[in-house]
Amino acid sequence: MKALLEFGPIIAFFAGYVLLKDRSFAIAGAEYSGFLVVTAAFIPLMIASTAAIWALTGRLSPMQIVTLVLVVVFGGLSVWLQDERLFKMKPTAIYLIFAAILGFGLARGESYLKLVLGEALPMKAEGWMILTKRMTGFFILLAIANEGIWRSFSTETWVSFKTFGLPIALFAFLMTQGKLFEAQALPKDDASKDAGN
């Protein structure tokens with residue numbers, strides 16, 4: 001259910017774009033492209049989805065909160081200014097913010113990833129620092145990729161990249177970290193103690 005709430009709005013955005021990409025709409029005397037209409041619909045859908053996750057689980061991750069805020073800000077500005085480029089910049093902003101937060105933690109000798117994922121993925125402190133460094137670099141690469149794609153290719157290509165390419169890239173990155181997870185995994189006794197702290 002949680003996965004459906006998280007990915008449902010993204011799939012709905014993609015489906016809406018496919019249906020409306022070649023249409024334009026006159027609303028309150030202004031002309032809006034199908035992309036902007038779908039973006040306008042995506043904002044309340046994302047708010048409702050995040051609220052449902054909170055009601056279901058009783059908590060929201062920092063990533064979910066930051067993503068929601070940026071969807072509202074960049075999406076709202078795109079619709080208001082009728083400039084789809086602003087919404088296309090949203091993933092870039094999200095990934096750079098996450099990279100900056102993780103980088104700040106690294107500068108302080110801490111892994112903020114452990115605070116978020118520590119219970120689900122028990123690892124030694126060294127493992128968390130390695131993963132955090134890699135994740136920071138990965139987020140920077142995603143930001144660069146997003147900028148390159150929306151600036152160099154069609155809106156249709158960017159929507160496909162955002163809907164499918166980014167999640168696949170994240171999944172592939174995590175799969176390549178298997179050896180790290182295995183090498184740095186806490187023994188079962190230590191993992192249970194760590195979870196209790």
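All values below were derived from every heavy atom in this structure, side-chain atoms included, with hydrogens, water molecules and symmetry-related copies excluded.
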Exercise. Tell me, do W150 and V159 make a side-chain contact under 4.5 Å, heavy atoms counted?
Worked result: no
Problem set entry | Check: Y32 side chain, S24 main-chain N or O, donor-acceptor pair, under 3.5 Å | no
Exercise. Under 3.5 Å, is there a donor-acceptor pair between the Q82 and E31 side chains?
Worked result: no
Problem set entry | Main-chain N/O of L45 paired with S49 side-chain donor or acceptor, under 3.5 Å | no
Seminar exercise, completed: CD of Q177 to CE of M123, rounded to nearest 0.5 Å, is 9.0 Å
Seminar exercise, completed: d(L68 CG, M63 CE) to nearest 0.5 Å is 14.0 Å
For this session: List the steps, then state whether side-chain contact (heavy atoms from CB on, under 4.5 Å) holds for I43 with F74.
Result: CA-CA 10 Å; I43 297 169; F74 281 83; over 6 Å; no
For this session: State plainly whether one hydrophobic cluster holds both V38 and F14, where clusters connect Ile, Leu, Val, Met, Phe, Trp and Tyr through side-chain heavy atoms under 4.5 angstrom apart.
Result: yes
Problem set entry | side-chain contact (heavy atoms from CB on, under 4.5 Å) between F139 and I94, worked out | CA-CA 9 Å; F139 280 142; I94 289 174; over 6 Å; no
Exercise. Is any side-chain heavy atom of Y112 closer than 4.5 Å to a side-chain heavy atom of F104?
Worked result: yes
Problem set entry | Within the 6.0 Å centroid threshold, strictly below: F13 and F42 | yes
Exercise. Mind checking whether F25 and L20 have side chains closer than 4.5 Å, heavy atoms only?
Worked result: yes
Exercise. Closest heavy-atom contact between M46 and P9?
Worked result: SD-CB, 4.1 Å
For this session: Kindly check if the number of other-residue, nucleotide or ligand heavy atoms within 6.0 Å of CZ (R151) is above 12?
Result: yes
Problem set entry | Minimal non-hydrogen separation, A99 against T136, with atom names | O-CG2, 3.6 Å
Exercise. Side chains of M135 and L170: does their closest heavy-atom pair fall under 4.5 Å?
Worked result: yes
Exercise. According to a 4.5 Å side-chain heavy-atom criterion applied to Ile, Leu, Val, Met, Phe, Trp and Tyr, with indirect links allowed, do Y17 and F164 form part of one hydrophobic cluster?
Worked result: yes
Exercise. Any side-chain donor-acceptor pair under 3.5 Å between E84 and T39?
Worked result: no
Exercise. Taking all atoms of both residues into account, what is the closest heavy-atom pair of I65 and L60, and its distance?
Worked result: CG1-CB, 4.0 Å
Exercise. Heavy-atom distance under 4.5 Å between the side chains of E6 and I53, does that happen here?
Worked result: yes
Problem set entry | Hydrophobic cluster membership, L142 vs I97, 4.5 Å side-chain cutoff | yes
For this session: Decide side-chain contact (heavy atoms from CB on, under 4.5 Å) for L77 and F87; before the verdict, give the C-alpha distance in whole Å, the side-chain angles of both, and the deciding distance to 0.1 Å.
Result: CA-CA 8 Å; L77 285 173; F87 191 67; over 6 Å; no
Problem set entry | Exam field: side chain S152 to backbone I149, donor-acceptor pair closer than 3.5 Å | no
Problem set entry | Shortest non-hydrogen separation from G109 to M129 and the atoms involved | C-CE, 3.9 Å
For this session: Say whether T92 and E147, considering side chains only, have a donor N or O and an acceptor N or O under 3.5 Å apart.
Result: yes
Seminar exercise, completed: Between L174 and F181 the two heavy atoms that sit nearest each other are O-CE1, 3.7 Å
Exercise. In terms of hydrophobic clustering (I, L, V, M, F, W, Y; side-chain heavy atoms under 4.5 Å; direct or indirect links), are L166 and F35 co-clustered?
Worked result: yes
Exercise. How long is the span from the NZ atom in K162 to the CD1 atom in I10, to the nearest 0.5 Å?
Worked result: 5.5 Å
Problem set entry | Main-chain N/O of M89 paired with N146 side-chain donor or acceptor, under 3.5 Å | no
Seminar exercise, completed: The reported gap from CG in L131 to CG in L180 (rounded to nearest 0.5 angstrom) is 6.0 Å
For this session: Report whether L121 and L106 are members of the same hydrophobic cluster (ILVMFWY, side-chain heavy atoms less than 4.5 Å apart, transitive linking).
Result: no
Exercise. Does a side-chain N-to-carboxylate-O contact under 4.0 Å join R108 and E110?
Worked result: yes
For this session: Indicate whether any N or O donor in one side chain lies under 3.5 Å from an N or O acceptor in the other, for S160 and T163.
Result: no
For this session: For residues K88 and W158, report the shortest heavy-atom separation together with the two atoms involved.
Result: CA-CZ2, 3.5 Å
Problem set entry | Test side-chain contact (heavy atoms from CB on, under 4.5 Å) applied to T155 and K21, step by step | CA-CA 9 Å; T155 296; K21 64 181 178 178; over 6 Å; no
Problem set entry | Value rounded to 0.5 Å, distance of CD in Q64 from CG in L5 | 10.0 Å
Exercise. Do the ring centers of F138 and Y95 come within less than 6.0 Å of each other?
Worked result: no
